[in-house]
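Quick notes on the structure that follows.
All ligand and atom numbering here is 1-based and tracks the order in the structure. The structure displayed is predicted, hence computed values, not measured ones.
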Amino acid sequence: MNSFSTDQWLIYKEFRFEAAHQLLHHDGKCRRLHGHSWVGRVYVIGDRLITEGPKQGMIMDFADIQQHLDPLIENFLDHYYLNESTGLENPSCEAIAKWIFEKLEGAGLEGLQAVEIQETCTSGARYMRIKP
Ligand SMILES: Nc1nc2c(c(=O)[nH]1)N=C([C@H](O)[C@H](O)COP(=O)(O)OP(=O)(O)OP(=O)(O)O)CN2
Ligand SMILES: [Zn+2]
């Protein structure tokens with residue numbers, strides 16, 4: 001490492017939920033009510049490792065990310081109709097990724113970098129904030 005570079009770690013925690021949605025503006029099958037086994041990932045960035053205690057060697061304990069996710073999964077995501085539970089008029093995976101990001105941001109999750117949502121085995125979206 002030279003004086004122009006700095007350490008950086010990007011960690012992630014994966015989560016899963018089963019839920020239904022429909023994209024009412026869609027011109028194909030996604031307009032119909034249907035469900036997915038959704039897979040998500042929350043990405044957290046950090047530039048220093050904790051040096052003492054039980055979280056030594058980590059930028060953040062994966063369990064701390066999970067703690068932020070648990071109420072969202074329990075109260076809005078798992079086995080819900082996402083059009084209703086999230087209040088999103090058109091819950092595409094782009095919209096759901098942003099919705100989860102904003103909830104985690106509002107709950108004060110430090111270092112939050114991105115939220116990724118996979119809707120099927122072959123499709124998904126990642127939301128992140130690009131600072132100008
Ligand atoms: N950009 C987006 N496109 C689509 C979304 C979305 O959220 N963002 N959502 C859908 C549907 O909800 C659909 O359930 C998923 O689409 P798709 O990947 O086309 O699903 P398939 O099972 O048909 O995928 P194959 O791998 O092609 O069988 C549509 N588009
Ligand atoms: Zn879908």
Taking atom 2 (C) of ligand 1 as the reference point, report whether a protein heavy atom occurs under 4.0 Å from it. yes
Reference residue His34; test side chain to side chain donor-acceptor pair (under 3.5 Å); the match among His21, Lys29, Gln22: His21
When you measure from the side chain of Tyr80 to the backbone N and O of Ala19, does any donor-acceptor pair fall under 3.5 Å? no
Within-4.5 Å side-chain heavy-atom neighbours: Met60 and Leu109: yes
Considering only the protein, which heavy-atom contact is closest to atom 27 (O) of ligand 1, and what is its distance? Thr122 OG1, 4.7 Å
Electrostatic pair Glu105-Lys98, nearest N-O below 4.0 angstrom: no
Rounded to the nearest 10°, what angle sits at the Zn ion (ligand 2) between NE2 of His21 and OE2 of Glu119? 100°
Counting from 1 in the order shown, the ligand 1 atoms closer than 4.0 Å to a non-hydrogen atom of Lys29 are 21 (P), 23 (O)
Heavy-atom nearest pair, Gln66 first then Glu14, reads OE1-O, 4.3 Å
Atom 12 (O) of ligand 1: which of Glu94, Gln118, Glu119 has the nearest heavy atom? Glu119
Does any N or O of ligand 1 fall below 3.5 Å from an N or O anywhere on Ser92, backbone included? no
For atom 29 (C) of ligand 1, what is the nearest protein heavy atom, given as residue, atom name and distance? Cys30 SG, 3.2 Å
Going hydrophobic residue to hydrophobic residue with side-chain gaps under 4.5 angstrom, can you get from Tyr43 over to Met58? no
Would you say the side chain of Leu104 lies within less than 4.5 Å of the side chain of Leu72, judging by non-hydrogen atoms? yes
Are any of the heavy atoms in Gln22 under 4.0 Å away from ligand 1? no
Is Cys93 close to ligand 1, meaning an N/O of one under 3.5 Å from an N/O of the other? yes
Can you get from Met128 to Leu112 by hopping between Ile, Leu, Val, Met, Phe, Trp and Tyr side chains that sit under 4.5 Å apart? no
Is it the case that one hydrophobic cluster holds both Ile117 and Ile73, taking links as side-chain heavy atoms less than 4.5 Å apart, direct or via other members? yes
Should you measure from each heavy atom of Ser123, which atoms of ligand 1 turn up under 4.0 Å away? 18 (O)
Measure the distance from atom 30 (N) of ligand 1 to every protein heavy atom, then report the residue, atom name and distance (to 0.1 Å) of the closest one. His26 NE2, 4.4 Å
Would you compute the distance between atom CG of Leu77 and atom CD of Glu18 and round it to the nearest 0.5 angstrom? 11.5 Å
To the nearest 0.1 Å, how far is atom 22 (O) of ligand 1 from its closest protein heavy atom, and which atom is that? Thr120 CG2, 4.1 Å
Have a look at Trp38 and tell me which of Asp78, Leu82, Thr120 forms a side chain to side chain contact (heavy atoms under 4.5 Å, CB included) with it. Leu82
Can you find a protein heavy atom closer to atom 9 (N) of ligand 1 than 4.0 Å? yes
Short N/O distance, under 3.5 Å, between His21 and ligand 1? yes
Any non-hydrogen protein atom below 4.0 Å of atom 19 (O) of ligand 1? no
Given NE2 of His36 on one side and NE2 of His34 on the other, what angle do they make at the Zn ion (ligand 2), to 10°? 100°
Can you pull out the closest protein heavy atom to atom 5 (C) of ligand 1? Residue, atom name and distance to 0.1 Å, please. Leu23 CD1, 4.0 Å
